[in-house]
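A short write-up of the structure that comes next.
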Amino acid sequence: MAKMHADEADVDPDLVHRLLAAQFPQWSGLPITRVVSAGTVNAMFRLGDDLAVRLPLISSGAADIDNDQRWLPKLAPHLPVAIPEAIAIGEPAEGYPWRWSVSRWLTGCNPQVDALTEPEDLAIDLAEFITALRAIDPAGGPELSRSGPLADRDEATRAAIDASDNLIDTDALRAIWAELVAVPGEAPRAWAHGDLSPGNVLIDQGRLRAVIDFGAFGVGDPTVDLIVAWNLLPAAARPILRAALDVDDATWARGKGWALSISVIQLPYYQHTNPALAANSRHVLEQLIADHQRVGRTNPAR
């Protein structure tokens, strides 16, 4: 698999086997298979039928192991679907520099954006998950990494639009971003997943079964979780999600802003090293452009 980052660690099934043999020999005889995903911070390996091994790929992901261990057991009882459950934490060894985890394998599959069988029902499921997560007491929780005013992302977003000139209609994106970045407001602080994307959602028979990869989660302005309206749901299902979450015009517009900013930053960075993520980023941007063309403007007053 192509490296996505200059400082990315080398990981493969042989490394996982050696780590397990030294630290958790009870599992070292199980088959190990790398999970193909659009993930950018962690590598996942299936271990036998019932377990998974998660290894951070870059230093910024190393803290995820400790955050997951501390917070996910507190969140899980309040959520309507399964989330990751670590059952063992490994230590740096065999030339691998960070802590890593063994967790229970969660069943389900990542949804195919253009092939959802029950998109309206999935929209309701996602709204129920987001609502339940936001209702959990936020006291003491880690800071949400994707939070705060969109203006804080203005410079990086405009630079990424410039870098995407040959990849997407950047004139349209500049116009849309200029409107969205100016939308005021902030939602009350609450828990948010921070990266609700097709690669972090597991479905079964069209319905939400689990949400994984809480590497970006935390407490802050939870508007970022609205990105799932554009990176996964078709246009017809978006109003269902919006109504179920009771989202006002300004918050919906800021959700679009988060979707645009995240996707346009990802598109040029991952276009060669993570084609699946780049393709979804392009999909999001195309959906936003289509939304803009459909209503004429993204102004929340309309």
Side-chain angles (χ1 to χ4, degrees), residues 1-8 37-42 56-61 63-64 110 113 143-183 186-187 192-201 213-218 220-233 251-292 298:
M1 300 180 71
K3 283 195 173 185
M4 296 171 284
H5 314 285
D7 57 346
E8 186 172 319
S37 78
T40 63
V41 177
N42 298 280
L57 289 170
I58 52 178
S59 59
S60 61
D64 297 351
N110 294 130
V113 172
E143 284 296 311
L144 178 64
S145 59
R146 290 172 169 172
S147 186
L150 290 172
D152 291 349
R153 300 174 64 88
D154 188 40
E155 183 178 352
T157 301
R158 292 182 186 276
I161 293 174
D162 291 343
S164 301
D165 264 336
N166 297 321
L167 303 173
I168 195 76
D169 183 351
T170 51
D171 288 338
L173 292 182
R174 289 185 186 95
I176 297 169
W177 177 250
E179 295 180 13
L180 296 177
V181 74
V183 176
E186 186 172 351
H193 180 276
D195 193 17
L196 277 180
S197 61
N200 292 334
V201 167
D213 196 346
F214 279 68
F217 81 125
D221 178 350
T223 303
V224 66
D225 279 350
L226 296 179
I227 60 175
V228 75
W230 294 276
N231 67 29
L232 177 55
L233 295 176
T251 303
W252 191 249
R254 289 190 294 109
K256 285 185 178 183
W258 276 105
L260 190 156
S261 178
I262 291 170
S263 296
V264 80
I265 289 172
Q266 290 175 340
L267 178 57
Y269 186 87
Y270 291 111
Q271 62 173 316
H272 300 301
T273 59
N274 194 326
L277 183 58
N280 186 254
S281 298
R282 185 179 290 106
H283 167 81
V284 171
L285 299 173
E286 290 171 348
Q287 293 297 303
L288 292 170
I289 292 170
D291 276 359
H292 185 257
T298 55

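Just the heavy atoms: all of them, side chains too, but no hydrogens, waters or symmetry mates, feed the values below.
The aromatic ring centroids of Trp230 and Trp252 lie less than 6.0 Å from each other.
Between the side chain of Ser263 and the backbone N or O of Ala259 there is at least one donor-acceptor pair closer than 3.5 Å. With hydrogens and angles disregarded, no donor-acceptor distance shorter than 3.5 Å links the side chain of Asp221 to the backbone of Gly148. Asp64 places no side-chain N or O within donor-acceptor distance of the main-chain N or O of Pro56, the cut-off being under 3.5 Å. When atom types are taken as modelled, the side chain of Asn231 and the backbone of Leu196 share a donor-acceptor pair closer than 3.5 angstrom. Distance alone, capped at 3.5 Å, places no donor-acceptor pair between the Asp225 side chain and the Ala192 backbone.
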Run the side-chain contact (heavy atoms from CB on, under 4.5 Å) check on Glu186 and Thr223 step by step: do they pass? CA-CA 8 Å; Glu186 186 172 351; Thr223 303; over 6 Å; no
Please lay out, stage by stage, how Leu267 and Ile265 fare under the test side-chain contact (heavy atoms from CB on, under 4.5 Å). CA-CA 6 Å; Leu267 178 57; Ile265 289 172; over 6 Å; no
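The CD1 atom of Ile58 sits 6.0 Å away from atom CG of Asp7, with the distance rounded to the nearest 0.5 Å. Note that CD1 of Ile227 is 6.5 Å distant from OG of Ser197, once rounded to the nearest 0.5 Å. In this structure, CG on Leu288 lies 7.5 Å from CG on Leu180, to the nearest 0.5 angstrom. Lys256 NZ to Gln287 CD: the interatomic distance, rounded to the nearest 0.5 Å, is 11.0 Å.
Counting only heavy atoms from C-beta outward, the side chains of Leu150 and Trp177 approach each other to under 4.5 Å. Contact check for Leu277 versus Met4: no side-chain heavy atoms found under the 4.5 Å cut-off. You'll find the side chain of Lys3 stays beyond 4.5 Å of the side chain of Thr273, heavy atoms only. Using a 4.5 Å heavy-atom threshold, the side chains of Thr170 and Ser164 count as touching.
A salt bridge links Asp154 with Arg158: at least one charged nitrogen is closer than 4.0 Å to a carboxylate oxygen. Taking 4.0 Å as the cut-off between side-chain N and carboxylate O, Asp165 and Arg174 count as a salt-bridged pair.
Closest of all the heavy-atom pairs between Asn274 and Thr40 is ND2-CG2, 3.7 Å. The minimum heavy-atom distance linking Ile262 with Val224 is given by the pair CD1-CG2, 4.0 Å. For Leu144 against Ala216, the heavy-atom pair with the smallest separation is CD1-O, 3.3 Å. Taking each heavy atom of Leu173 and Ile168 in turn, the nearest pair found is CD1-CG2, 3.5 Å. Here the shortest heavy-atom pairing between Arg254 and Ala187 reads NH2-N, 3.5 Å. Gly194 and Arg146 make their closest contact through O-NH1, 3.0 Å (heavy atoms, listed as atom of the first residue, atom of the second, distance).
With respect to Thr157, the side-chain contact (heavy atoms from CB on, under 4.5 Å) criterion is satisfied by exactly one of Asp152, Asp162, Leu260: Leu260.
Using the six-membered ring where Trp is involved, Tyr270 and His5 have ring planes that are perpendicular, over 60° apart on the 30 and 60° scheme.
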